[in-house]
Protein chains: 2
Amino acid sequence: MKWEDVDSQNCSMARGLAIFGDRWTLLIIRECFRRVRRFSDFQKSLGITKHRLSNRLTRLVDEGILTKVPYDDSAKRFEYRLTDKGLELYPILMSVALWGDKWLSDEDGAPVIYRHKSCGEITQPKFVCDCCGDDIHARDIDAIAGPGVTKKLASNIKA
Amino acid sequence: MKWEDVDSQNCSMARGLAIFGDRWTLLIIRECFRRVRRFSDFQKSLGITKHRLSNRLTRLVDEGILTKVPYDDSAKRFEYRLTDKGLELYPILMSVALWGDKWLSDEDGAPVIYRHKSCGEITQPKFVCDCCGDDIHARDIDAIAGPGVTKKLASNIKA
DNA sequence: TTGAAAAGTTCCATTTTAGAACCTATATTG
DNA sequence: CAATATAGGTTCTAAAATGGAACTTTTCAA
């Protein structure tokens, strides 16, 4: 199978990774969360080639993760900003960073620590069950067929 | 900059993505969480070529995310299993799936829903502050220099 | 003994990527 | 006013990654 066909799977992970599961894309989004918005600034901070950057930004705009907004009326210049869809990628980036902090840091320790703005404390964000509030780790969850599967089955049976 | 040099950044995200931020790798890890363990089973479930699969599995073993354990004494056959380092990738996969469920599902809805084994309820896992317990969303966190940065600065000043 | 399956490896054509050069429009400098 | 700089790209070429198919080994099953 070619990579461009992975999003045909009825799987949210595969669909997501088809958009941002390749080289550079999540790093570009990381820069967006750091308030980088302009073409040349992405280039400087990432060291990515213009070609690649142009290609990735276009795709992120097409997918509705970024919007391209003009910032100078006279010149044709644009900023790329996260949409709501893009902002909600935050847990993904945070998860990657937390894992890297734990497993890939050098002997000095994590390059970044996190402070929760509203409570002011240093925090290690964690996943919890929105029902009982307990921590969630690997193997604590059963994945069950959702409507995106069961409705299709039901209509196949009727047909 | 070449992709192979991105892990030189003092950034946990970049270091993590250098390992699994490319085509196929996170999908292979998804299969591991689904208890897929054998070469041919990865191939069947993913449709990836043997060449690519071999390359990715080798890298994941090298990085300590999978271990290769023989499962048949007589034949040279192996299973690939998640290590603790690999199991802790769970929040990343869950974040991607949750985002995809919300933003990429078709009109039928999410393909999968989640049940928390210990409390038995259907759950939408969420990120919270481990200090105050409040939900964490984009822009709720300040990233501050951690020891991996400050210690390096301190030793540079001394030197 | 013949055949199938598991777990790869090798080879080649096609795609993707990195790096450099080039282009267009506005802004700035001398 | 001409020359240069800057932003935001596009085009070109060579190198690297990928997809697909064919080929190895080793073992087990018929």
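Residue numbers start from 1 in every chain, and the chains themselves are labelled A, B, ... in the order their sequence lines are given, proteins ahead of strands. Just so it is clear, the structure is predicted and the values come from calculations on it, not from any experiment. All values below were derived from every heavy atom in this structure, side-chain atoms included, with hydrogens, water molecules and symmetry-related copies excluded.
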Using the side chain to side chain contact (heavy atoms under 4.5 Å, CB included) criterion, which residues pair with A/Cys11? Sequence neighbours excluded.
A/Gln9, A/Met13, A/Ala14, B/Arg30, B/Arg34
Rounded to whole angstrom units, what separation is found between the CZ atom of A/Phe42 and the C1' atom of D/dG8?
13 Å
Atom CD of A/Gln43 to atom C1' of C/dA20: distance rounded to whole Å?
12 Å
Step by step, would you call B/Arg56 with B/Thr25 a side-chain hydrogen bond (donor to acceptor under 3.5 Å, both in side chains)?
CA-CA 6 Å; B/Arg56 293 293 195 263; B/Thr25 306; 3.1 Å; yes
Between protein and nucleotides 3-6 of chain C, what N or O pairs are separated by less than 3.5 Å?
residue: C/dA6; atom: O3'; partner: B/Tyr71; partner atom: OH; Å: 3.1

Ignoring backbone atoms, test whether A/Ser54 places a side-chain nitrogen or oxygen under 4.0 Å from the OP1 or OP2 oxygen of D/dG8.
no
Do the side chains of B/Lys152 and A/Asp106 get close enough for a salt bridge, i.e. N-O under 4.0 angstrom?
yes
Beyond-backbone contact of B/Arg38 with B/Tyr71, side-chain heavy atoms, under 4.5 angstrom
yes
Would you tabulate the side-chain donor-acceptor contacts of residues 110-120 of chain A under 3.5 Å, counting partners in other chains and residues two or more places apart, or write 'none'?
residue: A/Tyr114; atom: OH; partner: A/Asp101; partner atom: OD2; Å: 2.9
residue: A/Arg115; atom: NH2; partner: B/Asp142; partner atom: OD2; Å: 2.9
residue: A/His116; atom: NE2; partner: A/Ser118; partner atom: OG; Å: 3.1
residue: A/Lys117; atom: NZ; partner: B/Arg139; partner atom: O; Å: 2.9

For B/Phe33, all residues meeting ring-ring contact (aromatic ring centres under 6.0 Å, His included), sequence neighbours excluded:
B/Tyr90
For the pair B/Asp130 (side chain) and A/Gln124 (backbone), establish whether a donor and an acceptor sit closer than 3.5 Å, ignoring hydrogens and angles.
yes
Residues from residues 9-28 of chain B sitting under 4.0 Å of DNA chain C, heavy atoms only?
B/Arg23
Separation of C/dT16 P from A/Arg59 CZ (nearest whole Å):
10 Å
Between atom CG in A/Leu46 and atom P in C/dG19, what is the gap in whole Å?
13 Å
Aromatic contact, B/Trp99 with A/Phe20 (centres under 6.0 Å):
yes
At a cut-off of 3.5 Å, list every protein nitrogen or oxygen paired with a nitrogen or oxygen from nucleotides 11-13 of chain C, distance to 0.1 Å.
residue: C/dC11; atom: N4; partner: B/His51; partner atom: ND1; Å: 3.1

Could you state the CZ-C1' distance from B/Arg52 to D/dA21, rounded to the nearest angstrom?
15 Å
Rounded interatomic separation in angstrom, taking CG from A/Leu53 and P from C/dT16:
18 Å
More 5' along DNA chain D: B/Arg56 or A/Thr58, using each one's nearest nucleotide?
A/Thr58
Tell me the interatomic distance from B/Ile48, atom CD1, to D/dG19, atom P, rounded to whole angstroms.
7 Å
Do B/Asp22 and B/Arg59 meet the salt-bridge criterion of a basic N to acidic O distance under 4.0 Å?
yes
B/Trp3 has an atom CH2; how far is it from atom P of D/dA17, in whole Å?
13 Å
Let me spell it out: for each of B/Glu4 and A/Lys68, pick the nucleotide of DNA chain D with the closest heavy atom. Which residue's pick is nearer the 5' end?
A/Lys68
Is the closest side-chain heavy-atom distance between B/Glu121 and B/Thr123 below 4.5 Å?
no
Between B/Leu87 and B/Thr83, is any pair of side-chain heavy atoms under 4.5 Å apart?
no
